[in-house]
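Please read the structure below before turning to the comments.
Note on naming: letters A, B, ... go to the chains in the order of the sequence lines (proteins, then strands), and numbering restarts at 1 for each one.
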Amino acid sequence: MKIGNKRWFAVFVLPTFVAFCVAFLVPFIMGLYLSFCDFRTVSDAEFVGLQNYMRAFGENGDFLNALWFTVRFAIASVISINVIAFMLALLLTRGIRGTNLFRTVFFMPNLIGGIVLGYIWQLIINGILYNYGYSITSDATFGYWGLVVLSSWQMIGYMMIIYIAGIQNIPTAILEAARVDGASPIRTLRSIIIPSVMPSITICLFLTITNSFKLFDQNLALTAGAPSKQTQMVALDIYNTFYGRVGYEGVGQAKAVVFFVLVAVVALLQLKLTRSQEVEN
Amino acid sequence: MKKTIALFLSIVCVVALLTGCGERSKADIYFLNFKPESANVYRELAQKYEDETGIAIKVVTAAANTYEQTLKSEIAKSSAPTIFQVNGPIGYQSWKDYCLNIESSNFAKLLTDEALAIRDENGNGVYAVPYVVEGYGIIYNDAIMKKYFALNDKTVDIDSADQINSFATLKAVVEDMTAKKSVLGIDGVFASTSLSSGEDWRWQTHLLNVPLYYELSGSEDYADPTIAGLNAKEVAFRYATNYKNLFDLYINNSITEKGLLGSKSTSDSMAEFALSRVAMVQNGNWAWSQIKDVKGNTVKEEDIKFLPLYIGVEDEENQGLCIGTENYLAINKNASKDAQQKSLDFLYWLFSSKTGKDYVTNKLDFITPFNSFSEQELPSDPLAREVVRYMNDETKQTVPWIFTSFPSDVFKTEVGGALLEYVQGSKRWQDVENTVKSMWKSERQ
């Protein structure tokens, strides 16, 4: 029976494994190799060593500026998304009338694609700013807050669902015990709810941090980096380096590798940190 | 029941897969088209050619402003484009490893002036052939201009728009028109100076062509300003003030407030012109299709005219339109011999057979640089006619498209960004000048 099981294992895993290799592993390793090459198209690469990495950082400040902008954006959006999503989740687990309707409404923006959302918000923001003789590209600050609002609007619903699931998992016995012992709502929140939903917080933070760093289509559609690349995030900078300039394909690739390492480090650190806070219930 | 559905679905999948493969191997010629506005015409053409010769053509059109990206990913495939486009000598530099020498082909021999073709560094061979000649300047609506010149209290002493022959006159007319815009029934003299991302090419490329042309044609080492541009390590931007002249005139007499220009696109400007809300717009003869197709357009065909881009240099009375080309066709060196020959045959057919030429003049509206087209075989749209009129006018000095020698796309993008910030007030004009000079230098390396 054991052998039979193993054979079945191969049958089920192999297709996925092949797909994983073709669509992820091979391109990833190729990309890693290409970041050390000078190339026009992926088939004519020539090894040049670390030169691309030096050019990525040295040649102009674009990459570092984009990185700094991305970090600033990530901080603001991670905080706003998680705080608002958590508050909504608290509200919508109290059995208020129309809870399901609200959950659906808050979740809906998540179903719209980033490019579409970007254009929608560009219209909305421009529509307001026009009255004062500005547009979203007038100042990088508009673009920055535009992006924060846009990504919050898109992600809050999704994170809210995860938090709701977490909150609903808290055994009612504990909550009742707390009430009987006379704990105030804030005390309950701090000592019972938040520690119990730590796994949800881990997931939500992970998702929002990585998504904020990787944001691309919303950025492209909302400002496309204007004015003068001041609202350009890392993913867009990589895209523009790779596709926008001939002879910079390798540099773009090098930036992508640096970006990958950075996101991986940040995400793993965060996982380690929040995991240690999780409690068994 | 479930099994039947499952079976049916799997059959559908397999069939879809197989037909997908079948279609791909059928076409010998793969043409990657640059001009989105002519996508449908090319598809029709491909069908016509297949009916006539039995040779299938695959036409793919890259979305606006994404040609380089599309080409980059397509050319790495095993079924790569056999015919593709390079944008002038700088574009050729990035794709030269993929361009076939087509000097001995019938297609290359169609060129009226062989000097137009792109050759290698030593001036040998023919690697890309231009296929369309275009012109740009200030497009104006003569109906509105006539209305203005009929006013009793106008402050200029000329009587028609074609008497405008210098920046000073243009400025006087435009500023007086702005003052009287309610009488003229317009919202501004110039259409929006579109500066949103990817929509600023009319200023950072086309308008910038004029001051740099004057500078580079003064070069002591090279007779041809484009060659001078290709070899210039630095530019002094000597005519920066002249560039500012016309650019400021655009934004100060615009239909749109300065702060909002960053969200305007070229099609916004063309729509404003087509609806007669403005009297002038800077663009080229390719814009005819945009003017024509705007819903409810009120501008009449016979009222659409061109003015040269006067920027206030000395003796500019004889300056003509900016006429040239950045559209060159090349054949993929790595395609099979058979596919290369078939591609060349198709191009020869397109620009020399009766059917092909009919499409080129009447549907694509191209003015071509080929000797197979007679004087009568010219597009009939008003802007193309104006371009031809200026070309044939001996007294007018055409400004060539020296922007094909601008160092890179990044140079243009950075200048566009600086212009946007200048318009929005976050940069001074001096910064724009510095951007032009420093970006030229750093991108030329």
Within a 6.0 Å radius of atom NZ on K441(B), are there more than 12 heavy atoms belonging to other residues, nucleotides or ligands? no
Which heavy atom of S228(A) sits nearest to which heavy atom of A418(B), and what is that distance? OG-N, 4.1 Å
Go through the atoms of Y134(A) and report whether side chain, backbone, both or neither lie under 4.5 Å from a heavy atom of chain B. backbone
Regarding S263(B) and Q122(A), is there a side-chain donor-to-acceptor distance under 3.5 Å anywhere? no
Separation between CG (L260(B)) and CD1 (I136(A)), nearest 0.5 Å, reads 13.0 Å
Rounded to the nearest 0.5 Å, what separates atom CG in L71(B) from atom OH in Y243(A)? 11.5 Å
Rounded to the nearest 0.5 angstrom, the NZ-OG distance for K258(B) and S138(A) is 13.0 Å
Proximal component of E443(B), with respect to chain A [non-hydrogen, under 4.5 Å]: side chain
Should we say atom OH of Y158(A) is surrounded by more than 12 heavy atoms from elsewhere, each under 6.0 Å from it? no
Measure from the side-chain N and O atoms of E421(B) to the backbone N and O of P227(A), and report whether any donor-acceptor pair falls under 3.5 Å. no
Min side-chain heavy-atom separation S135(A)-K264(B) under 4.5 Å: no
Measure distances from F39(A) to the heavy atoms of chain B and classify the residue's part below 4.5 Å as side chain, backbone, both or neither. neither
Taking all non-hydrogen atoms of both residues into account, name the closest pair between K72(B) and F242(A) and its distance. NZ-O, 2.9 Å
So for atom CZ, which belongs to F47(A), do other residues, nucleotides or ligands contribute more than 12 heavy atoms lying within a distance under 6.0 Å? yes
For the residue pair E257(B) and G133(A), what are the closest heavy atoms and their distance? OE1-CA, 3.5 Å
Does a side-chain heavy-atom distance below 4.5 Å link K229(A) with T413(B)? no
